Colleague: 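Please see the structure below; I have some questions.
Only heavy atoms go into these numbers, but all of them, side chains included; no hydrogens, no water, no symmetry mates. The structure displayed is predicted, hence computed values, not measured ones. A, B, ... follow the sequence lines: proteins, then strands. Residue 1 opens every chain.
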Amino acid sequence: MLEEEYQLDYFKTQGFVRKICKACGSAFWTRDPSREVCGDAPCEPYNFIGDPIFRPHTLDTMREAYLSFFEKQGHTRVERYPVAARWRDDIYLTIASIADFQPFVTSGIVPPPANPLTISQPCIRLNDLDSVGKSGRHLTTFEMMAHHAFNTPTEEIYWKDRTVELCDQFLASIGGDINNVTYKENPWIGGGNAGPSVEVLMGGLEVATLVFMSLGRQKTEGQGYDLKGEMYYPMKLRIVDTGYGLERLVWASKGSPTIYDAVFPEMVSHVMNAAGLDHMLDNKEYTKILSLNAKFAGLMDISGTNLFNLRKKVAAAIDISPDKLDKMITPVEKVYAIVDHSRCLAFMLGDCIVPSNVREGYLARLVIRRTLRLMNDLKIEEPLADMIEQQTKILGDRKFEQDISVVREIIDRETEKYAATLERGTRIVQKVAKTYKAKSQRVPLAEIMTLYDSHGIQPEMVKEIAAKEGAVVDLPDNFYSIVADMHSESKHEKEEDNTTKYTGRVTALPPTKKLYYEQPSDIEFEAVVLDFFDEYAVLDQTLFYPEGGGQPADTGTLVSAESMVRVDGVVKVGEVVLHHIAGGVLRRGDRVKGMVDEERRWSLMRHHTATHILLHATKEVLGAHIHQAGAQKGAESSRVDIRHFKHITPDELRRIEIAANRMIMTSQPVEISVEDRTKAEQKYGFSLYQGGVPPGREIRIVKVAGDIEACAGTHCRSTGEVGSIKIIRVEHIQDGIERIEFAAGIAAIYYMQHMEQIVTASADTLSVQFENLPATVTRFFTEWKDQKKEVERMSARLVELEMRTLVGETAGGITIVVKRIDLPQKELSAIASSVAEKGGIALIAGAGETARVVLASGDSRVNAGEIIGQVCSLLGGKGGGKPTLAQGGGPELGQLDLALKVGRERILASLHV
RNA sequence: GGGCCGGUAGAUCAGUGGUAGAUCGCUUCCUUGGCAUGGAAGAGGCCGCGGGUUCAAUUCCCGCCCGGUCCA
């Protein structure tokens, strides 16, 4: 980025000088002419530890100081957004304050909620999960305090000078000495945007970043810049994007050894107590070690094996062995991590994330399990749910949507599930370890991979358990990257959307007038063909609803003066609707009459409105956390996937069905309006985006029986028109996601009739009233089982009787029985086996639908498996088995006696008699 | 959404293309004054569901259902 971008009047009038850092070579601005380094780590160590650079603040007082400062400076205070980024489909968690306003505000499509504004946005970043607790400064959850100004070509709010001035003034307002502030030039590129940026450094700590977002990847008329090989052009909006780390400011205001002691001291001492480490808090030696640790960690990257280097440095500084230091400090680091993670979970679950094995739910589970593991390491008995509840109380008025009792239930369930996984895992590992120990082999890497991938067992745990069993494990250092490589190999290419190829052709056409919104209950319309290509017709207006939002397209016919064609698919490209024509041609300029298939359209509308009703009913019965995770409408049935932390019980399902049908019976009007996006978000919250996030400044709001969603689908005029909803089944799609399949309107009746038929047919077969069906079926089933046992007993008796009458010949001192007994195969085997047990040989055949033959041999000279093959081939079949017992058969019953004769000869031949 | 592992007695799990097993638990009996225990016998299985291959499938193949798990 160009150097002159940073030549601010403010710097000049305030007596700043631009210098080059002696350590890293970066340019920075300072009021102190004698300063030689930029002030950033690692050029400058953390010198605020033990020597605070601001007046002491807690999280609450610092946040308030910030927000009220910017309010006084003409900014509007905006409520925080949820940590689950439900208004975005590209990220799961809110990672920065600017994320709240992407993509529609930042791209200029939607005006900001206020301009300029100030906000303190809780953010969650899990990329440095490993360093949390160890570095003294990393957190999974932090609040990014920010003030944003959105400058348009016509309205300038403020830009660089004012932003830096506000920064100086704010830092001074909390007691900072602005003579020690440096502004380091650090051009910013990320998320498709770029611009000049300065890091605000004090006491060795980066307390804020001021970004001036002014370039984008989209080509505009202005001069382009080549940044890291990509071209960037001036944006329509120039955005002041600032980020002040609330936790860091509090840390610097207290000068405590670690950020954790500054940010959540009550919880740290609470967890220390729970872990039996309370004595460490007052110990001066510990405080000194932790400070040193944080100072050194601030100067280096501590991920992976670098942690050991950190230990070595700290140990050398206080003159003890790295091992001893490690033993002292590790438990404390774990306490810090537990406190951080439980706070993270309070936000995640409080903002209605449901743990699962998909999407953000997976991230929540990851944090939960990690925390449980750490707690287990420290032998903390206190339930995790208690800790999270405490965190929630400490966070106080941060406005959580989820009820704390639900949070507790979720955590308790997750704790149990994890315990079960561990128990199951331990057994599996023990078994594997024993197997390899018996073979005196090392447990191979492939085995460890399977254990991790398929059973969720951490390799460290495998090593530990295997060691107890006396087995050795092959575990490379880069285990996780091997796993990652393995997964990336099985990536599939994304399917290409075949409609995108029409984009070019379609941009020349005017937007199609959408009659399906204006007159959703009409089925006939007239239109003019504007274009026809590749079997697609474009009309000036249409009643045909294109597929979208989980609602399939309408079908129907188009009639012109010369022909009648069938519409079998409808898609939308941009604002133009394409009708796919099956067999037939239309010409540009044709006047056509369109007719939508009425029953299908009505059925789709009913199912769509029913989806909204059902979602609302589910929320009523199951709780606030219910969010739609996907939906598919159809003409016969539809389904809606919801996030929930346990199985929906049959009773809950019945209650949902009743609640939904009550909403239908009261026949409330369905209200549809187009509203300003920002206002709608503020009015209704982000639960608007159940079915995804539509683009645009304005969004279509559909209100159905208390359910309010952004939705582009066609709907009934009132809930009453839906007629009825019948839940067909509930399915457990993935952990944390339940799928409810249902039918609405006539389809619901069809379904119930179908069920009735099944019941009636079953009842007829048993000649009972259908009310008696369950009892009768149960009786029949038990009787069937009893009789099966009875048959077994009688068979055993039959075998016994047969045995008594069995007469064999003797050849070479061995009893040989060759006989035809018409019993099932199982009994034949039993008879033959008991002859063989006494050292004899038995060839027994029986006739059923096919011929069955069993040969049992109690003499090693006679190989039953070999002989049976020859016997069975005479019967037109095959056979086989073990040398001692073989079975077979074939379709040719008439050959049975011949087969026995040949078999007998073969046996005698084998015995050489 | 993609990948992987699994479903066998009440529980935990072996096992096999050819008569379904172990351990614990359960029932009864014996041992004992009673208990812990010890001994003996016994009950308990649509081998997840449906289809295919085969003379024969719990076992092999395909589809579905259910559970677990890793990744985006």
Colleague: Under 3.5 Å, is there a donor-acceptor pair linking the side chains of His732(A) and Glu738(A)?
Modeller: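 Yes - a donor-acceptor pair under 3.5 Å links their side chains.
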Colleague: Quick one about Arg424(A) and His455(A) (side-chain donor to acceptor, distance below 3.5 Å, no hydrogens or angles considered), yes or no?
Modeller: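 On atom types as modelled, these side chains do not qualify, holding no pair under 3.5 Å.
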Colleague: In this structure, which one of Leu900(A), Val853(A), Leu898(A), Val902(A) forms a side-chain contact (heavy atoms from CB on, under 4.5 Å) with Val871(A)?
Modeller: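 When Leu900(A), Val853(A), Leu898(A), Val902(A) are each tested with Val871(A), the side-chain contact (heavy atoms from CB on, under 4.5 Å) holds only for Val853(A).
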Colleague: Which whole-number value in Å describes the distance from His455(A) NE2 to C4(B) P?
Modeller: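 That distance rounds to 13 Å.
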Colleague: How close do Gly877(A) and Pro891(A) get, heavy atom to heavy atom, and via which atoms?
Modeller: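 Where Gly877(A) meets Pro891(A) most closely, the heavy atoms are N-CD, 4.1 Å.
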Colleague: Please step through ring-ring contact (aromatic ring centres under 6.0 Å, His included) for the pair Phe686(A) and Tyr81(A), ending with a clear verdict.
Modeller: CA-CA 9 Å; Phe686(A) 297 103; Tyr81(A) 284 46; 5.0 Å; yes
Colleague: Quick check: closest heavy atoms across Ala832(A) and Val854(A), and the distance to 0.1 Å?
Modeller: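 Taking Ala832(A) first and Val854(A) second, the nearest heavy atoms are CB-CG1, 3.8 Å.
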Colleague: Step by step, would you call Glu657(A) with Arg654(A) a salt bridge (charged side-chain N to carboxylate O under 4.0 Å, His left out)?
Modeller: CA-CA 5 Å; Glu657(A) 195 173 75; Arg654(A) 279 189 290 271; over 6 Å; no
Colleague: When the C1' atoms of U37(B) and C5(B) are considered, how many whole Å apart are they?
Modeller: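 Looking at atom C1' only, U37(B) and C5(B) are 42 Å apart.
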Colleague: Under 4.0 angstrom, heavy atoms only, what part of the nucleic acid is Gly865(A) near: base, sugar-phosphate, or nothing?
Modeller: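 Contact class for Gly865(A): none.
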Colleague: What is the distance, to the nearest angstrom, from the CD1 atom on Ile737(A) to the P atom on G1(B)?
Modeller: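 Atom-to-atom, Ile737(A) to G1(B), this comes out as 8 Å.
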Colleague: Starting at atom CD of Glu423(A), determine the distance to atom C1' of G6(B), rounded to an integer number of angstrom.
Modeller: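 Distance, rounded to whole Å: 17 Å.
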Colleague: Less than 3.5 Å apart, any donor N or O on the side chain of Arg852(A) or Gln887(A) sitting next to an acceptor on the other?
Modeller: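 Judged by distance alone, the side chains do not pair up.
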Colleague: With sugar-phosphate meaning primed atoms plus P, OP1 and OP2, does Thr421(A) contact a base, only sugar-phosphate, or nothing at under 4.0 Å between heavy atoms?
Modeller: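 Sugar-phosphate, no base atom in range.
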Colleague: Within the 4.0 Å heavy-atom criterion, would you say Arg427(A) contacts the bases, only the backbone, or no part of the nucleic acid?
Modeller: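 Touches sugar-phosphate only.
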Colleague: In whole Å, what separates the P atom of G25(B) from that of C61(B)?
Modeller: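 Their P atoms lie roughly 37 Å apart.
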Colleague: Mind checking which stems touch RNA chain B? I mean at least 3 consecutive Watson-Crick or G-U pairs, both distances under 3.5 Å.
Modeller: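 For RNA chain B the paired stretches long enough to count as stems (3 pairs minimum) are B:1-7 with B:65-71, B:10-13 with B:21-24, B:26-30 with B:38-42, B:48-52 with B:60-64.
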Colleague: Of the candidate nucleotides C46(B), G45(B), G67(B), which contains the atom at the shortest distance from the side chain of Trp784(A)?
Modeller: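 The closest nucleotide is C46(B).
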Colleague: Whole Å only: how far is the CD atom of Glu790(A) from the C1' atom of A43(B)?
Modeller: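 Going from CD in Glu790(A) over to C1' in A43(B) covers 15 Å.
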Colleague: Does Arg369(A) reach a base, just sugar-phosphate, or nothing at all? Heavy atoms under 4.0 Å.
Modeller: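 Result for Arg369(A) = sugar-phosphate.
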Colleague: Considering only side-chain heavy atoms of Thr850(A), which listed nucleotide, C70(B), C55(B), G45(B), is closest?
Modeller: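 Of the options given, the side chain of Thr850(A) lies nearest C55(B).
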Colleague: Taking all heavy atoms of Val429(A) and all of Ala466(A), pick out the closest pair and write down the distance.
Modeller: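 Closest approach of Val429(A) to Ala466(A): CG1-N, 4.3 Å.
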Colleague: Taking atom P in both C49(B) and U8(B), what distance in whole Å separates the two?
Modeller: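 That atom pair is separated by 10 Å.
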Colleague: If you measure from the P atom in U23(B) to the same atom in G39(B), how many Å do you get, rounded?
Modeller: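 My reading of the P atoms in U23(B) and G39(B) gives 12 Å.
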Colleague: Between protein and nucleotides 63-65 of chain B, what N or O pairs are separated by less than 3.5 Å?
Modeller:
| from | atom 1 | to | atom 2 | distance (Å) |
| --- | --- | --- | --- | --- |
| C65(B) | OP1 | Glu731(A) | OE2 | 3.4 |

Colleague: Could you measure between the two P atoms, the one in U59(B) and the one in G18(B), and give it in whole Å?
Modeller: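 Nearest-Å result for U59(B) against G18(B) at atom P: 11 Å.
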Colleague: Measure from OH on Tyr418(A) to C1' on C70(B) and round the result to the nearest Å.
Modeller: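 Checked: the OH to C1' distance equals 14 Å.
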Colleague: Is it the case that Gln551(A) and His608(A) place a side-chain donor and acceptor less than 3.5 Å from each other?
Modeller: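 Indeed, the side chains of Gln551(A) and His608(A) share at least one donor-acceptor pair under 3.5 Å.
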Colleague: Counting heavy atoms from C-beta on, name the nucleotide in G68(B), G44(B), U19(B) closest to the side chain of Lys789(A).
Modeller: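 So the nucleotide nearest the side chain must be G44(B).
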Colleague: Separation of Ile733(A) atom CD1 from G67(B) atom C1', in whole Å?
Modeller: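 For the pair Ile733(A) CD1 and G67(B) C1', the rounded distance is 14 Å.
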Colleague: Return the minimal non-hydrogen interatomic distance between Gly425(A) and Ile457(A), and the atom names on each side.
Modeller: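 Minimum heavy-atom separation between Gly425(A) and Ile457(A): CA-CD1, 3.5 Å.
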Colleague: Counting the atoms with a prime plus P, OP1 and OP2 as sugar-phosphate, which does Lys878(A) contact under 4.0 Å by heavy atoms, base, sugar-phosphate, or nothing?
Modeller: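 Touches a base.
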Colleague: With nearest nucleotides of RNA chain B determined for Lys882(A) and Lys788(A) from heavy-atom distances, which residue corresponds to the more 5′ nucleotide?
Modeller: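 The 5'-side residue here is Lys882(A).
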Colleague: Measuring only the P atom in each nucleotide, how far is U54(B) from C13(B)? A whole number of Å is fine.
Modeller: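 It works out to 36 Å between them.
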Colleague: Which pairs count as salt bridge (Lys or Arg N to Asp or Glu O under 4.0 Å) when at least one residue sits in residues 860-887 of chain A, sequence neighbours excluded?
Modeller: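 For residues 860-887 of chain A, and leaving out neighbouring residues, the salt bridge (Lys or Arg N to Asp or Glu O under 4.0 Å) pairs sorted by first residue read Asp859(A)-Arg861(A).
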Colleague: Picking from G67(B), G1(B), G18(B), which would you name as closest to the side chain of Arg739(A)?
Modeller: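 The answer is G1(B).
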Colleague: Is there a side-chain contact between Arg424(A) and the phosphate of G68(B), meaning an N or O under 4.0 Å from OP1 or OP2?
Modeller: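 False: Arg424(A) side-chain N/O out of range (4.0 Å or more) of G68(B) OP1/OP2.
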Colleague: Please tell me if Lys785(A) has a side-chain N or O lying less than 4.0 Å from either OP1 or OP2 of G44(B).
Modeller: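 False: Lys785(A) side-chain N/O out of range (4.0 Å or more) of G44(B) OP1/OP2.
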Colleague: Roughly how many Å apart are G15(B) and G63(B), using the P atom of each and rounding to a whole number?
Modeller: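 Approximately 25 Å lies between the P atom of G63(B) and that of G15(B).
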Colleague: How far, in whole Å, is C46(B) from G42(B) if one measures between their C1' atoms?
Modeller: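 Approximately 23 Å lies between the C1' atom of G42(B) and that of C46(B).
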Colleague: Starting at the 5' end of RNA chain B and moving along, which residue's nearest nucleotide shows up first, Ile428(A) or Lys826(A)?
Modeller: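 Taking each residue's closest nucleotide, the earlier one in sequence belongs to Ile428(A).
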Colleague: Across the strands shown, which category fits Gly456(A) at heavy-atom distances under 4.0 angstrom: base, sugar-phosphate, nothing?
Modeller: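 Sugar-phosphate, backbone atoms only, no base.
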